K.L.:
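Let me give you the structure first, and then I'll get to my questions.
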Amino acid sequence: MFKAVISMRIFSYVVLLLAVNINAEENHCASLTQPSKCGALGELIDVEKAATNYPNLAAVVGEPDRFKLQIIYTQVDRDQQNNPSLSYYTLGLDPERYFYPASTVKLPISLLALEWVNEPQQTAITMFSPMLTDAAFEGQSEAHTDSSSASGLPSIAHYIKKILLVSDNDASNRLYELLGQDRLNDRLRQLGLKHTLINHRLSIPLSAEQNRQYNPIRFLRSDGSVALALPARTSQSQYVNIDNPKLGIGYMSEGVLIQSPMDFSNKNCLSLQDLDGIVKRIVFPQLFIGTEQFQITEEQRAFVLRYMSMLPGESDFPHYSKEAYPDNYSKFFMFGGNAQSLPAHIRIFNKTGWAYGHLIDSAYIVDLENRVEFFLSAVIYTNQNDILNDDKYETEQIGLPFLNELGNILYQYELTRAKSRQPDLSYLNKIIN
C-alpha cells in the first residue's frame, strides 16, 4: 500500500511549510486563477525537522536563491456538486525572473495545434489526418513517414502523443512549423499568458531568421489525396524576450569557454505561473473565463489528459521499452530519480522540462484510491559552477531528488488534510482508461 502514516515530526514540518504570509507575494498572485485564495509557503524556519526524511528538500529550501527556486502548490476543495475551488501557496514565485523553459513549451504548442485544426477553414481534416512536412528553406527537413504510428504516417494527434509521453523534440518542432511564431504568440497573449514567448525549434541549431521560416505542409484524405496544403511561410515580426535576459557567468560554445553570460533574448520563455495556469486550464477549464480557455473540444481535452498521465510503457503506438523509458521517465514529483514503477492508483498529469541546469515540472497529482488531488509546479536551477553548456549540472544529485521529496511531502500532507467533502474522482477513470 502506497499510503503512509505521517509522524508528528514530519507533520510539524509540513505545518511550517504551509505557514501563510499573505503579504510576502501578493503582487505575484494577481494573475492566478483565484488570487483571493493565495498565500506564501513561507520560508522553512527549521529545516532540521525535515533533514532525516527529506534531506534534499531541506538543503534546497535552505538556499532558495542559490537554486533560483520557485514553487506553486495548489489545494483543491470540492462543493456538494463536486465543483472545484483552488487555494494557492507559493514560494519564490516571480514571473519576471527568467529561466529557460526547455520542453515545457511543448504543452502549449500541442494545445494550440488542436485549436488550429478546429478552425472552420480546416473542416477537411482532423487531428488524425496524415500530416506530411516538406522542406523549402536551408536548415529544414522533411517528415513524410512515422514508423511509430499505427498507420506509418505522422499526424497532429500522433505528434502530441510523442510529446506528452516522452517529450519528443521532433514532434514539437513539426507542430511549431505548422503554427509559426505569429500564431503561437498572438494566441498566448489572448489566453492571458503574458510571460510566455515561443520563437524557436528545439535541439536544432538554427538562426533567429531560420526559426521564422516554416515548412510547407500537406494534409491527406483517407484515399491519399491532398485535403489541405500550406505553403512555405515566413514571420516578419521578431519576438524577443523583454529585458534581454542573460544567464550564467559563462558558457561553452563549440568547445570554447565564453567568459560572459549567455544571452537568452531569442530563446523561448514560459514562466512558472503561466505553465501552472496552462495545466489548470486543461484540468479545470471552467475556472477560467472563456477568453482564457483553450478552444478545444471535450474529446480533445480528454485526449490530452490521457496522454499527460499515461506512462511510456502503457502506449502501443508509439511503443516504448521500459528499459529506455521507465515509468518515472517524465514523472519528477514523488518519483524522480532512479528508474522505478508507479503505483496504479497514482496518476500524474504533467509536463516536464530540463535544460541548461533547469529542472521543471508542473502537475496535477491524483491518488484515485485515497481520493487525493492537488497541483504542484516547481523550477530549480542546479548548476553550481554557473557555466552553461558544459554538461556539469546537478540534475541527478540534487534536482530530481528535490522534486521527488517536494512531491512526497505535500502528498503526505494531502493524505490527512481536513476537507469538508471528499472529491469524486471516478470521472478520471474514463479519461485514463
Side-chain angles (χ1 to χ4, degrees), residues 2-22 24-25 28 38-75 87-94 97 99 272 276 328 331-338 340 342 346 348 350 352-354 357-363 365 367 372 374-386 392-417:
F2 191 75
K3 182 176 180 179
V5 177
I6 307 177
S7 69
M8 286 305 295
R9 183 174 185 177
I10 298 304
F11 180 77
S12 298
Y13 172 66
V14 174
V15 171
L16 283 174
L17 177 67
L18 297 174
V20 175
N21 178 356
I22 294 294
E25 298 193 1
H28 298 148
C38 179
L41 276 173
E43 295 182 6
L44 299 184
I45 300 170
D46 188 356
V47 294
E48 292 182 2
K49 288 183 179 287
T52 300
N53 295 72
Y54 302 99
N56 296 288
L57 185 145
V60 169
V61 179
E63 298 184 82
D65 292 337
R66 170 190 164 188
F67 295 104
K68 301 180 181 179
L69 185 63
Q70 297 188 57
I71 302 172
I72 306 172
Y73 156 57
T74 308
Q75 296 173 354
S87 299
Y88 292 78
Y89 298 87
T90 67
L91 178 66
L93 183 62
D94 184 356
R97 186 200 305 170
F99 63 86
L272 191 70
D276 182 79
N328 64 332
K331 306 299 179 186
F332 297 166
F333 292 133
M334 298 181 66
F335 302 101
N338 295 331
Q340 60 178 296
L342 271 64
I346 302 288
I348 301 177
N350 74 316
T352 60
W354 60 97
H358 298 97
L359 198 62
I360 312 146
D361 198 350
S362 185
I365 300 172
D367 180 340
V372 164
F374 64 100
F375 291 91
L376 184 58
S377 298
V379 56
I380 179 175
Y381 180 65
T382 55
N383 186 17
Q384 188 169 12
N385 68 13
D386 216 15
K392 296 180 180 179
Y393 306 127
E394 297 81 43
T395 302
E396 302 287 340
Q397 301 92 333
I398 298 175
L400 287 172
F402 165 75
L403 294 179
N404 181 315
E405 293 180 8
L406 177 63
N408 272 296
I409 198 170
L410 291 171
Y411 169 74
Q412 295 294 335
Y413 174 76
E414 285 282 346
L415 282 172
T416 59
R417 183 172 73 84

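From a predicted model like this one, the values you see are computed outputs, not experimental measurements.
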K.L.:
With rounding to the nearest 0.5 Å, note down the distance linking CD1 in Ile71 to CG in Leu69.
P.N.:
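Result: 4.0 Å between the selected atoms.
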
K.L.:
Give, for atom OH of Tyr88 and atom OG1 of Thr74, the distance between the pair rounded to the nearest 0.5 Å.
P.N.:
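It is 5.0 Å, given to the nearest 0.5 Å.
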
K.L.:
Between the side chain of Glu405 and the main-chain N/O of Leu57, is any donor-acceptor distance below 3.5 Å?
P.N.:
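Between the backbone of Leu57 and the side chain of Glu405 there is a qualifying donor-acceptor contact (under 3.5 Å).
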
K.L.:
Verify side chain to side chain donor-acceptor pair (under 3.5 Å) between Tyr381 and Gln70, making sure each step is shown before the conclusion.
P.N.:
CA-CA 10 Å; Tyr381 180 65; Gln70 297 188 57; over 6 Å; no

K.L.:
Is Val372 close to Phe374 at the side-chain level, that is, under 4.5 Å between some pair of heavy atoms?
P.N.:
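A side-chain contact exists here, since the closest heavy-atom pair is under 4.5 Å.
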
K.L.:
Kindly say whether Ala363 contributes a backbone atom to a donor-acceptor pair with the side chain of Asn350 at under 3.5 angstrom?
P.N.:
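No, the answer is negative, given that no donor and acceptor are paired below the 3.5 Å cut-off.
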
K.L.:
Do Asn383 and Asn385 come close enough that some side-chain heavy atom pair is under 4.5 Å?
P.N.:
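Counting from C-beta outward, Asn383 and Asn385 do come under 4.5 Å.
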
K.L.:
Can you name the nearest heavy-atom pair linking Thr352 to Phe332, along with the distance?
P.N.:
CB-CE1, 3.4 Å

K.L.:
Using the six-membered ring wherever Trp is involved, compare the ring planes of His358 and Phe99 and label them parallel, tilted or perpendicular (cut-offs 30° and 60°).
P.N.:
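Rings of His358 and Phe99: tilted, as their planes differ by 30° to 60°.
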
K.L.:
Without swapping roles, check the side chain of Asn328 against the backbone of Phe335 for a donor-acceptor pair under 3.5 Å.
P.N.:
yes

K.L.:
What's the shortest heavy-atom distance between Gln397 and Glu394, and which atoms?
P.N.:
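Shortest heavy-atom separation between Gln397 and Glu394 comes out as OE1-CA, 3.2 Å.
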
K.L.:
Determine whether the aromatic ring centres of Tyr393 and Trp354 lie less than 6.0 Å apart.
P.N.:
no

K.L.:
May I ask you to decide if Gly399's main-chain N or O and Thr382's side chain share a donor-acceptor pair within less than 3.5 Å?
P.N.:
no

K.L.:
Go through it in stages, so that I can follow the logic: the residues are Tyr89 and Gln75, the test is side chain to side chain contact (heavy atoms under 4.5 Å, CB included), and I'd like the CA-CA distance, side-chain angles, deciding distance and then a yes or no.
P.N.:
CA-CA 8 Å; Tyr89 298 87; Gln75 296 173 354; 3.6 Å; yes

K.L.:
Would you compute the distance between atom CZ of Phe333 and atom CG of Leu403 and round it to the nearest 0.5 angstrom?
P.N.:
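CG of Leu403 is found 5.5 Å from CZ of Phe333.
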
K.L.:
Rounded to the nearest 0.5 Å, how far apart are OG of Ser377 and CG of Leu272?
P.N.:
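So the OG of Ser377 and the CG of Leu272 are separated by 5.0 Å.
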
K.L.:
Which donor-acceptor pairs under 3.5 Å do the side chains of residues 60-68 make with protein atoms, sequence neighbours left out?
P.N.:
from  : atom 1 : to    : atom 2 : distance (Å)
Glu63 : OE2    : Arg66 : NH1    : 3.4

K.L.:
What's the spacing between Ile409 CD1 and Asn404 CG if we round to 0.5 Å?
P.N.:
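Answer rounded to 0.5 Å: 11.5 Å.
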
K.L.:
Tell me yes or no: between the side chains of Asp367 and Tyr411, is some donor less than 3.5 Å from an acceptor?
P.N.:
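The answer is yes; a qualifying pair exists.
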
K.L.:
Go through the steps for Leu376 and Leu410 under the test side chain to side chain contact (heavy atoms under 4.5 Å, CB included), then give the verdict.
P.N.:
CA-CA 9 Å; Leu376 184 58; Leu410 291 171; 3.6 Å; yes

K.L.:
Nearest 0.5 angstrom please: Gln340 CD to Lys331 NZ, how far?
P.N.:
13.0 Å

K.L.:
With a cut-off of 6.0 Å (strictly less than), are more than 12 heavy atoms of other residues, nucleotides or ligands near CG of Asn338?
P.N.:
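Count not over threshold, so no.
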
K.L.:
Return the minimal non-hydrogen interatomic distance between Met334 and Gly407, and the atom names on each side.
P.N.:
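Minimum heavy-atom contact is CG-C, 3.5 Å.
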
